[in-house]
Amino acid sequence: MKRKIFTLLFIHVLVLSMASKASAEDGYGKIGFKLEWGYSQNYFTHHRYNITSVEGYRIQEKSTEIDFSTNGRILLGAHYDYSRHLTFGLVTGYLGAQEGVRAIPLLGQIRIYPYDCHEDGFFTKIEGGLAAHISKTNGSRLLLTGAVGEGFHLMLSPEHSLDIILSISAFYDRPNIANPEGVGYIPKERILSNHALYSALNISICLSF
């Protein structure tokens, strides 16, 4: 899984590099790199599942909780300044989705600047993609994730900038289901449906260069 993620990142950087050579005008059409790290406060968890018991009857459960847990996020990737108002990026790294759920993401990012991406000012960030949850005890699975937020862009030099970003993120998961009739987890062949949603508030700092 890790090899596939880094292969996709390499291909993305290569494509953006070719595009950068094709159109570099007035400082736009350039490739840059970014490092983002921050704090994530989970506040909402919803889980609904439908399983069959050993005897064959159905068991359906649903829970919705205001559930606070603290996580972190650190992302590294590349971005492409498409125009004054629009940039594209691809990042990977490490993040927490929920208590006990840690993942390696591959996220596409879009930033929209009302004025100019090479000037100080506010912007809107939208991101989405997949995250690989890897656990020695619970196996591995893919999570869908997305986020939307607002940030302030501060130019440190013509080639360097610092962003402060506040965002709301969500994760769609199909977590392991604890066996209500015993120990361990419910095997996949007994799971009829399984849906979970986690939401979090994030604050992060991003250095671009």
Engineer: Going by heavy atoms in the side chains, are Leu90 and Gln109 under 4.5 Å from each other?
Structural biologist: no
Engineer: Could you tell me whether the side chain of Arg141 reaches within less than 4.5 Å of the side chain of Asn176, counting heavy atoms only?
Structural biologist: yes
Engineer: Can you name the closest pair of heavy atoms from Gly93 and Pro105 and give their distance?
Structural biologist: O-CD, 3.3 Å
Engineer: Any carboxylate oxygen within less than 4.0 angstrom of a Lys/Arg side-chain nitrogen, looking at Lys30 and Glu159?
Structural biologist: yes
Engineer: More than 12 foreign heavy atoms under 6.0 Å from OH of Tyr115: is that the case here?
Structural biologist: no
Engineer: Please answer: with hydrophobic residues joined when any side-chain heavy atoms are less than 4.5 Å apart, are Tyr57 and Ile51 in the same cluster?
Structural biologist: yes
Engineer: Given side chains that start at C-beta, do those of Ile110 and Thr87 come closer than 4.5 Å, heavy atoms only?
Structural biologist: no
Engineer: Heavy atoms only: give me the nearest Ile66-Phe44 pair and the separation to one decimal.
Structural biologist: CD1-CD1, 4.2 Å
Engineer: Please say which of Ile112, Ile165, Leu86 ends up in a side-chain contact (heavy atoms from CB on, under 4.5 Å) with Phe123.
Structural biologist: Ile165
Engineer: State whether Lys125 and Asp163 are salt-bridged, where the test is any N-O pair (Lys NZ or Arg NE/NH1/NH2 against Asp/Glu carboxylate O) under 4.0 Å.
Structural biologist: no
Engineer: Tell me whether Gln41 contacts the main-chain N or O of Asn202 through its side chain, where contact means a donor paired with an acceptor under 3.5 Å.
Structural biologist: no
Engineer: Atom OH of Tyr80 and atom CZ of Phe88: how far apart are they, to the nearest 0.5 Å?
Structural biologist: 9.0 Å
Engineer: List the atom of Ala170, the atom of Leu197, and the distance in Å for their closest heavy-atom pair.
Structural biologist: CB-CD1, 4.2 Å
Engineer: Under a plain distance cut-off of 3.5 Å, with no hydrogens placed, do Tyr172 and His195 share a side-chain donor-acceptor pair?
Structural biologist: yes
Engineer: Look at the side-chain heavy atoms of Ile, Leu, Val, Met, Phe, Trp and Tyr, link any pair under 4.5 Å apart, and say whether Ile74 and Tyr39 land in one connected group.
Structural biologist: no
Engineer: Is it possible for you to say whether Leu156 and Trp37 belong to one hydrophobic cluster, with membership spreading through side-chain heavy-atom contacts below 4.5 Å?
Structural biologist: yes
Engineer: Below 4.5 Å, heavy atoms only, C-beta onward: do Leu192 and Thr52 meet side chain to side chain?
Structural biologist: yes
Engineer: Can a donor-acceptor pair be found between the side chains of His118 and Asp81 at a distance below 3.5 Å?
Structural biologist: yes
Engineer: Do Asn194 and His47 get their side chains close enough for a donor-acceptor pair, meaning under 3.5 Å?
Structural biologist: yes
Engineer: List the steps, then state whether side-chain contact (heavy atoms from CB on, under 4.5 Å) holds for Ile126 with Val148.
Structural biologist: CA-CA 5 Å; Ile126 303 170; Val148 61; 4.2 Å; yes
Engineer: A side-chain contact here means heavy atoms from C-beta on lying under 4.5 Å apart; do Pro114 and Phe122 qualify?
Structural biologist: no
Engineer: Got Ser208 and His160 here, is their nearest side-chain heavy-atom distance under 4.5 Å?
Structural biologist: no
Engineer: Check the pair Asp173 / Tyr198 against side chain to side chain donor-acceptor pair (under 3.5 Å), numbers first and verdict last.
Structural biologist: CA-CA 8 Å; Asp173 190 13; Tyr198 320 130; 2.8 Å; yes
Engineer: Can you name the nearest heavy-atom pair linking Cys117 to Met155, along with the distance?
Structural biologist: O-SD, 4.1 Å
Engineer: Does Ser169 reach the main-chain N or O of Gly146 with its side chain, forming a donor-acceptor pair under 3.5 Å?
Structural biologist: no
Engineer: Indicate, with yes or no, if the rings of Tyr113 and His153 have centres closer together than 6.0 Å.
Structural biologist: yes
Engineer: With clusters defined by side-chain heavy atoms of hydrophobic residues (ILVMFWY) lying less than 4.5 Å apart, directly or transitively, does Ile31 cluster with Leu207?
Structural biologist: yes
Engineer: Roughly how far, to the nearest 0.5 Å, is CD1 of Ile164 from CD1 of Ile205?
Structural biologist: 6.0 Å
Engineer: Hydrogens and angles aside, do Glu36 and Ser204 bring a side-chain donor and acceptor to less than 3.5 Å of each other?
Structural biologist: yes
Engineer: Could you give the distance from CD1 (Ile203) to CG (Leu201), rounded to the nearest 0.5 Å?
Structural biologist: 8.0 Å
Engineer: Same cluster or not: Phe209 versus Phe152, using hydrophobic residues (I, L, V, M, F, W, Y) connected whenever any side-chain heavy atoms lie under 4.5 Å apart?
Structural biologist: yes
Engineer: To check you understand the geometry: which heavy-atom pair defines the closest contact between Leu107 and Thr145, and what is its length?
Structural biologist: CD2-CG2, 3.4 Å
Engineer: Between Ile177 and Ile191, is there a side-chain heavy-atom distance shorter than 4.5 Å?
Structural biologist: yes
Engineer: Rounded to the nearest 0.5 Å, how far apart are CD1 of Ile186 and CD1 of Ile59?
Structural biologist: 7.0 Å
Engineer: Could you give the distance from OH (Tyr49) to OG (Ser63), rounded to the nearest 0.5 Å?
Structural biologist: 8.0 Å
Engineer: Search all heavy atoms of Tyr94 against all heavy atoms of Arg102 and return the closest pair with its distance.
Structural biologist: OH-CD, 3.0 Å
Engineer: Side-chain contact test, heavy atoms from C-beta onward, threshold under 4.5 Å: evaluate it for Leu95 versus Phe171 and give yes or no.
Structural biologist: yes
Engineer: Between Arg73 and Glu127, does any NZ, NE, NH1 or NH2 come within less than 4.0 Å of an OD or OE carboxylate oxygen?
Structural biologist: yes
Engineer: As an exercise, state the distance from CG of Leu162 to OG of Ser157, rounded to the nearest 0.5 Å.
Structural biologist: 11.5 Å
Engineer: Is any side-chain N of the basic residue among Arg48 and Glu61 closer than 4.0 Å to the acidic one's carboxylate O?
Structural biologist: no
Engineer: Is there a donor-acceptor contact under 3.5 Å linking the side chains of His46 and Thr64?
Structural biologist: yes
Engineer: Atom CG of residue position Leu166 - does it have more than 12 heavy atoms of other residues, nucleotides or ligands inside 6.0 Å?
Structural biologist: yes
Engineer: Evaluate whether atom CZ of Arg190 has more than 12 neighbouring non-hydrogen atoms of other residues, nucleotides or ligands under 6.0 angstrom away.
Structural biologist: yes
